[in-house]
Amino acid sequence: MPENEAQRMTAVRRYDVLDTPPDGAFDRVTALAARRFGVPISIISIVDEDRIWFKSHHGLPVEQIQRSPGLCASAILSNDPYLLPDASIDPRSLANPLVAGDFGLRFYVGVPLTTSDGFNLGTLCVIDKVARPVDECQIEDLKDLASLVIDQLEMRLSARQAVEQAKLMAKEIDHRVMNSLQFVSGLLAMQSRTPDVGPAASHLQMAANRVAAVAQVHRHFYADEAEEASCMAFLRRLCEELATILDRSIFVHGADGKVPTTWIQPIGLLVNELVTNAAKHGAGQIDVTYAHDSGIHKIIVCDEGEGLPADFDPAAADKSLGMRVVISLARQLGGVLSSADREDTRGSCFTVIFTGNA
């Protein structure tokens with residue numbers, strides 16, 4: 001074991017390379033190394049706590065071996081190349097099972113994969129079952145190829161760090177956007193309460209509610225970082241916030257189901273508009289229902305008001321901005337909006353059926 005084994009293993013985990021899929025960039029390096037030495041086997045190894053895992057294994061149908069008999073575990077103890085031109089007569093390898101056993105290893109040259117801060121992750125090595133000489137030019141070429149491996153790992157680490165940094169910056173921007181929306185909502189609400197505002201007070205308060213609701217959609221959307229999210233969980237959180245903002249009872253019904261995270265924002269904005277519309281024009285309890293079956297998703301928002309006029313058409317060009325927004329959001333989700341009176345009680349329902357294929 002290296003004296004700095006704990007720190008070395010921290011470096012191994014930093015690169016997040018263990019158990020990753022085969023990669024052409026690394027496979028080309030091992031193919032070049034085998035060809036340069038004229039040997040059948042070349043490996044890019046990473047020495048883990050109890051195993052030696054092969055990121056690339058040219059000429060060998062094995063993905064890993066135990067750490068204890070592996071020559072790569074010895075090779076990382078030094079920054080110099082580990083040379084065994086004839087392992088059958090070298091005192092360091094005489095008893096090694098890979099040499100003394102059925103595998104019959106006779107030739108091994110390993111160059112440590114050394115990070116910029118001095119930790120040996122594993123090796124780039126070449127192997128043969130026949131003893132052979134090795135010259136300095138070959139060793140220098142193997143060092144250069146090992147440097148290419150490290151360059152690839154460093155480049156990918158930098159890319160991951162850049163992505164993480166971008167995510168942090170995006171979160172900070174999102175947080176500021178949400179705060180700005182809440183600030184605007186507060187200003188509108190204060191304006192609606194001023195004595196000289198007159199009949200516009202209700203419109204200002206409704207605008208304040210809409211902006212506050214959009215802020216909550218924004219907050220809940222960016223709380224989900226996975227590729228898929230629970231639609232019901234999102235709708236429950238959102239409607240709890242809307243119930244407080246609108247001072248109305250809102251109940252969420254339906255079966256749980258996962259949807260792509262990219263759907264969450266248009267779903268949230270769509271439900272926000274329909275619920276806000278129900279609070280403004282309807283009465284009583286507001287019910288939000290989500291259902292899905294065989295790739296077809298449905299969201300229904302119902303109120304207990306007077307119902308819809310007989311000639312109501314949500315797609316009519318002269319309808320409110322809210323209806324136009326809902327229709328646009330439904331199209332983003334590959335869906336359509338329809339409306340009808342409630343069948344179970346007095347009131348109206350707006351339904352969006354969508355597939356996500358815009």
Q.
Any side-chain to backbone donor/acceptor pair from D135 onto Q138? Under 3.5 Å, distance only.
A. yes
Q: Working to the nearest 0.5 Å, report the span between CZ of R236 and CG of D256.
A: 6.5 Å
Q) If you look at every heavy atom in L98 and G70, which pair is closest and at what distance? A) CD1-CA, 4.4 Å
Q) Would you say the side chain of V259 lies within less than 4.5 Å of the side chain of Y290, judging by non-hydrogen atoms? A) yes
Q: Compute whether any side-chain donor of one residue and acceptor of the other, for H253 and D287, lie under 3.5 angstrom apart.
A: yes
Q: Please answer: with hydrophobic residues joined when any side-chain heavy atoms are less than 4.5 Å apart, are Y108 and V62 in the same cluster?
A: yes
Q) Salt bridge check: are R346 and E304 linked by an N-O gap of less than 4.0 Å? A) no
(Q) Determine whether a donor-acceptor pair (N or O, by modelled atom type, separation under 3.5 Å) exists between the side chain of T114 and the backbone of F119. (A) no
(Q) Regarding K143 and E140, does a basic nitrogen lie under 4.0 Å from an acidic carboxylate oxygen? (A) yes
**Q.** For A243 against I250, the heavy-atom pair lying closest together
**A.** N-CD1, 3.5 Å
**Q.** Nearest-0.5 Å distance, CG of residue L333 to CH2 of residue W263
**A.** 7.0 Å
(Q) Working note: I286 + V301, criterion side chain to side chain contact (heavy atoms under 4.5 Å, CB included); need CA distance, chi angles, decisive distance, verdict. (A) CA-CA 7 Å; I286 299 172; V301 177; 4.0 Å; yes
Solution key, residues 73-85 side-chain donor-acceptor pairs under 3.5 Å, sequence neighbours excluded:
residue, atom, partner, partner atom, Å
S78, OG, D80, N, 3.0
N79, OD1, N120, ND2, 3.1

(Q) Return the CG to NE2 distance between L308 and H281, rounded to the nearest 0.5 Å. (A) 10.5 Å
Q) Do the non-hydrogen side-chain atoms of I299 and T351 ever get within less than 4.5 Å of each other? A) no
Q: Answer yes if the side chains of S56 and T30 hold a donor-acceptor pair under 3.5 Å, and no otherwise.
A: yes
Q: Spell out, as yes or no, whether a donor-acceptor pair under 3.5 Å connects the side chain of S88 to the backbone of V99.
A: no
Q) For the residue pair C72 and T123, what are the closest heavy atoms and their distance? A) SG-OG1, 3.1 Å
Q. Is the number of heavy atoms from other residues, nucleotides or ligands within 6.0 Å of CD (Q7) greater than 12?
A. yes
Q: Report yes if the side chains of D23 and R156 come closer than 4.5 Å at any heavy-atom pair, otherwise no.
A: yes
Q | Identified side-chain contact (heavy atoms from CB on, under 4.5 Å) partner of R92 from the options N96, L94, D90 | A | D90
Q) Transitively linked via ILVMFWY side-chain contacts under 4.5 Å: V352 with F251? A) no
Q: For residues A34 and V126, report the shortest heavy-atom separation together with the two atoms involved.
A: N-CG1, 4.3 Å
Q. Could you walk me through whether Q161 and E164 pass the side chain to side chain contact (heavy atoms under 4.5 Å, CB included) check?
A. CA-CA 5 Å; Q161 290 172 337; E164 291 302 317; 5.6 Å; no
Q.
If you apply the rule side chain to side chain contact (heavy atoms under 4.5 Å, CB included), what do you find for S339 with F312, and how did you get there?
A. CA-CA 8 Å; S339 60; F312 182 82; 3.5 Å; yes
Q: Evaluate the side-chain proximity of Y15 to I46: yes if any heavy-atom separation is below 4.5 Å, no if none is.
A: no
Q. Hey, mind stepping through D303 and K280 against salt bridge (charged side-chain N to carboxylate O under 4.0 Å, His left out) and telling me if it holds?
A. CA-CA 10 Å; D303 62 60; K280 180 180 179 182; over 6 Å; no
Q) Got a salt bridge between R67 and D50, using NZ or NE/NH1/NH2 to carboxylate O under 4.0 Å? A) no
Q) Are F107 and I127 close enough that some pair of their side-chain heavy atoms sits under 4.5 Å apart? A) no
**Q.** Expected output: side-chain S158 to main-chain E154 donor-acceptor under 3.5 Å
**A.** yes
Q) Would you say the side chain of I267 lies within less than 4.5 Å of the side chain of C231, judging by non-hydrogen atoms? A) yes
Q: Looking only at non-hydrogen atoms, find the nearest pair between V111 and A146 and report the distance.
A: CG1-CB, 3.8 Å
Q: Taking atom types as modelled, find out whether T20 and K55 have a side-chain donor-acceptor pair closer than 3.5 angstrom.
A: yes
Q.
Under 2.5 Å between the SG atoms: is that true for C302 and C349?
A. yes
Q: Could you tell me the separation between the CD1 atom of I150 and the CG atom of L153, rounded to the nearest 0.5 Å?
A: 5.5 Å
**Q.** Working for salt bridge (charged side-chain N to carboxylate O under 4.0 Å, His left out), residues R13 and E49
**A.** CA-CA 11 Å; R13 297 186 192 99; E49 292 177 344; 2.6 Å; yes
Q: Return yes if some donor-acceptor pair links the side-chain N/O of R248 with the main-chain N/O of G284 below 3.5 Å, else return no.
A: yes
(Q) Quick check on the hydrophobic clustering: are V325 and V275 connected, directly or via other members, by side-chain heavy-atom contacts under 4.5 Å? (A) yes
Q. Are N272 and T276 close enough that a side-chain donor and a side-chain acceptor fall under 3.5 Å?
A. yes
Q.
Do L329 and F234 sit in one hydrophobic cluster, given that two such residues count as connected whenever their side-chain heavy atoms are within less than 4.5 Å of each other, even indirectly?
A. yes
Q) Is the H297 ring parallel, tilted or perpendicular to the F354 ring (thresholds 30°, 60°)? A) parallel
**Q.** Derivation and outcome, side chain to side chain contact (heavy atoms under 4.5 Å, CB included), residues R342 and S348
**A.** CA-CA 5 Å; R342 292 187 71 152; S348 59; 5.6 Å; no
Q. In Å and rounded to the nearest 0.5 Å, what is the CG to NZ distance from D293 to K298?
A. 9.5 Å
Q: Flag the pair H58 / D27 as yes when at least one side-chain heavy-atom distance between them is below 4.5 Å, and no otherwise.
A: no
Q: Look up atom CD in E3 and atom CZ in R8, then write down how far apart they are to the nearest 0.5 Å.
A: 13.5 Å
Q.
Is the terminal nitrogen or CZ of K129 (NZ for Lys, CZ for Arg) located under 6.0 angstrom from the six-membered ring centre of F103 and within 45° of that ring's axis?
A. yes
Q) Does T194 use its side chain to pair, donor to acceptor, with the backbone of M190 at less than 3.5 Å? A) no
Q | Shortest non-hydrogen contact between V252 and M232, atoms and distance | A | CG1-CE, 3.8 Å
Q | Co-membership, hydrophobic cluster, residues F26 and V109, 4.5 Å side-chain | A | yes
(Q) A side-chain contact here means heavy atoms from C-beta on lying under 4.5 Å apart; do T115 and R14 qualify? (A) yes
Q) Just by modelled atom types, is the R237 backbone N or O under 3.5 Å from a matching donor or acceptor in the E240 side chain? A) no
